[in-house]
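So the structure is just underneath, and the comments pick up after that.
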Amino acid sequence: MSLDEYQKKRNFSHTPEPTAEENSENLHRFVIQRHQARRLHYDLRLEIGGTLKSWAVPKGPSMNPADKRLAVHTEDHPITYLKFEGEIPKGNYGAGQMDIWDEGQFSSALSDKNLLQQYQNGDLKLQFLGKKLKGEFALVNTKQGKDNHWLLIKKKDEFATDLIYDAEAYAVKTAVAHKKGKAPKVRKLKPEDTVKPMLASTAKEIFNHPDWIYELKWDGYRLMAHVDDGKVRIYSRNGINYNSKFPKLVKDLEQIDHQVILDGEVVIVDKNGLPDFQALQNYHSKTPGTLRFYVFDMLFLNGHSMLELPLKDRKSLIPEVLEGLDHTFYCDHIEGMGMTFYKKAIDSGMEGVIAKKNDSTYALGYRTESWLKIKAVESEEAIICGYTDSKGAVFGSLILGMYKEGELTYVGNCGSGFSNDQQKELLGKMESLAMESSPFAKKINLKGKTPNWIHPELICEVKFSEWTKAGALRHPVFKGLRNDKTALEVQSEVQIKTPEPPDVSGQATSNSGNLDIEGISVPFTNLGKMYWPKEKIRKYDLIEYYLQVSDTMLPYLLDRPQNLHRHPNGIQQKGFYQKDNESLPDWIHTTTIYSESANKKIEYMLCQNEATLLYMVNLGCIEINPWHSKIQDLDRPDYGVIDLDPSTHNTFEEVIETAQVVKEVLDLAKIEGYCKTSGSRGLHIYIPFAGIYSYKEGRDFIKLLCYFVQDKLPELTSMERAVKARKGKIYLDYLQNRRGQTIAAPYAVRPRKGATVSTPLKWDEVKSGLKITDFNIFNVPHRLSEEGDLFSSLLSKPIDMEKAIGNLNAE
């Protein structure tokens, strides 16, 4: 057929489409273009007889044999149209955006009939090898060539699915709507529909974002559960029915008195609550561990499709539906605070977290960038394509593959992670799938090892360290077989960039949630609230910092009454102090102390664990201010403090000079001193007492040290309490050493510009060039990992005050 009609319909000076050039090539290529014209449709084009035979498919192709897609025959297109993408301007034929949805090669499914003859007969039997379209199809004219209406029908084969197939779900990445940040069109749902779940993309690293929620990533099988009038159907993501495999779960779900479609993960958890994937793989009624189904989404409820609702609204309805069940649990989440949640998850032994945009709708069968999975240990599904021989074992290693751009590709060998019994079981399965030739299109190098090839049907999951430059898995370790996925689903995934936090002006957000910390559920609120507007530092960044340093910081907080200095609206709003505490959670410890100045008993909070520390931070305690003494003996401090407090006239270089003189005096006394930044404008020098001396004895000793310092720096320092009397000099504050007095703890953040941290120093760092701003919530955790806790001896090595005084008097 000529291209006359194609050329007649177009003015090539006004459209970017290729000109109508004849071509004698017949490479059996195809393309499917998503065409956002006056009405959205998909254009199927087949290279037959030197041109592209073309059909407009209004609903797009389907991999479900039950779907018979109308395909309207249109004019032939030139071969160069195979690669066309772009905007056809208004006023031109077919005006609108055109993007390539799929491409590849095809062939006749009938070896004895050529394609051109089949086309002329109006009955094409095709075999597609594309990225999305695979396997056998029929393209049939409804009236044997008498009109332009054809049907595109998928044949039942290994690539077919009985799930709902919506071409739009696989088109968003190239669609104009996606480029503008819009969600794909969401279809309605019926309770009897078999649905394909929404899938998460892979992100390289965790992130904080106020518009995202974070869930635990459970290492199990993805399950869809339908409950309707007591009848339950559960199935895997590729439609495999699991009612007989998990009868306990079916019985549990039968108790739901609602019509629902639930989405979740079934796992076997051990005594520590951690998932055991191999136990799940071999599950039976006597399998050790506990069967649990964690539900994280709901797609349908009592006659109403929920696909178009935002994720947070869908999740909000789940707990009530699951109330009273034994094996089915709501998969809770936390908002905004991804980095904190991720660290807790990994520390507890989980493999990672799932991040989800809180307003995302549910796109059936679509791998979306609104859901992201972030894992600490790399793991992937791979297809077992064969195995190598071994003299001393059942077999040497598994030969693994994945689909990459529609082609089965070699990704390495896996020779560890399975027991001898597992190897025997695997060998039995592999021998039944034996084939003579390699399933790979390209020859692979097995470095002299003898391969035994099998049909690429078995899927396993492996852990590995990284991808090599050659595209292979480095050091893969076998985790187990997967029965819940098909081979075509096993494709290498591209890691996407994590979203940047929004640039907002400081308004609070409503995101909140509870985080499990050592068995304590700690509530968090307004996590996205901007605490440092200029630096764009939010509340969850502060919580993330304290979570990272909590283990190091807690020894300086344990058993010490806390004077809460709260800034619930950030550093630009005035804070307030709070000593007395009422209506605290029952897991927070307190102590009652009589205050003579207030003439009443005060209920002080005690920070006995990480959960309490983060609870305080959630209250707006940017800085943490403990007493110097513990509740075991409130009159005997564990340390004394020299607070170098500069006036507005002093430079920080002068503070450093003063601290160096303090060090000289300490050396004369032959005692250890510990210096840290105040996090504000000065420096703090701690002297270890270990509860041996009273506050009065400690204060008098610190005062004596300050006299020696002032004697050496009379023009720069003062011990006058009244600000005017100091005359612009650095105040040697020894009065910090009184019962009930508090000072910012080591590693406490200060409500100051730059989110500075009161940071312990080595004495050789206390020199010209040191800046308070050198230490903040973003770099102190790394400093801790490099330097360790420089105050670690403060609480365990007290000075001998009498000897120190003697040493000073001897000078």
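Atoms considered below: every heavy atom in the structure, side chains included; atoms not considered: hydrogens, waters and symmetry mates.
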Is there side-chain contact between [X] and [Y], with heavy atoms separated by less than 4.5 Å?
X      : Y      : value
Asp635 : Arg739 : yes
Gln632 : Asp559 : yes
Pro319 : Tyr330 : yes
Trp212 : Glu335 : no
Phe524 : Leu515 : yes

So, the side chain of [X] versus the backbone of [Y]: is there a donor-acceptor pair under 3.5 Å, distance only?
X      : Y      : value
Arg783 : Phe775 : no
Asn650 : Gly728 : yes
Glu653 : Gly769 : yes
Asn737 : Val641 : yes
Thr612 : Cys607 : no

Within this structure, what is the [atom1]-[atom2] distance for the pair [X] and [Y], rounded to the nearest 0.5 Å?
X      : Y      : atom1 : atom2 : result
Lys344 : Thr340 : NZ    : OG1   : 9.5 Å
Ile346 : Phe341 : CD1   : CZ    : 10.0 Å
Glu535 : Asn776 : CD    : CG    : 9.5 Å

Practice task
Determine whether the side chains of Tyr747 and Asp789 contain a donor N or O and an acceptor N or O closer than 3.5 Å.
Solution key: yes

Without placing hydrogens or testing angles, list every side-chain donor-acceptor pair under 3.5 Å for residues 704-717, not counting sequence neighbours.
residue: Thr717; atom: OG1; partner: Leu713; partner atom: O; Å: 2.8

Name every donor-acceptor pair, under 3.5 Å, that has one atom in a side chain of residues 667-674 and the other anywhere in the protein, sequence neighbours excluded.
residue: Asp667; atom: OD1; partner: Lys663; partner atom: NZ; Å: 2.8
residue: Asp667; atom: OD2; partner: Lys663; partner atom: NZ; Å: 3.1

Using distance only, find each side-chain donor-acceptor pair of residues 797-806 under 3.5 Å and give its atom names and separation, not counting sequence neighbours.
residue: Asp800; atom: OD1; partner: Glu802; partner atom: N; Å: 3.2
residue: Asp800; atom: OD1; partner: Lys803; partner atom: N; Å: 3.2

Exercise for the section: Could you tell me whether Arg721 atom CZ has more than 12 heavy atoms of other residues or ligands within 6.0 Å of it? Expected result: no

Practice task
Flag the pair Phe701 / Tyr693 as yes when their ring centroid distance falls below 6.0 Å, and as no otherwise.
Solution key: no

Exercise for the section: Verify the ring-centre separation between Phe296 and Trp218: is it less than 6.0 angstrom? Expected result: no

What side-chain donor-acceptor pairs closer than 3.5 Å can you find for residues 748-756, not counting sequence neighbours?
residue: Arg750; atom: NE; partner: Glu623; partner atom: OE1; Å: 2.5
residue: Arg750; atom: NH1; partner: Ser678; partner atom: O; Å: 2.6
residue: Arg750; atom: NH2; partner: Glu623; partner atom: OE1; Å: 3.4
residue: Arg752; atom: NE; partner: Ser680; partner atom: OG; Å: 3.1
residue: Thr756; atom: OG1; partner: Gly679; partner atom: O; Å: 2.5

Practice task
May I ask you to say whether Asp541 pairs ionically with Lys539, meaning some side-chain N is under 4.0 Å from a carboxylate O?
Solution key: no

Problem - Geometric class of the Trp627/Tyr604 ring pair [parallel <30°, tilted 30-60°, perpendicular >60°] - result: perpendicular

Problem - Results of ring-ring contact (aromatic ring centres under 6.0 Å, His included) for His567 - residues two or more places apart only - result: His565

Handout entry: Contacts of type ring-ring contact (aromatic ring centres under 6.0 Å, His included), residue Tyr214, not counting sequence neighbours
Key = Phe207

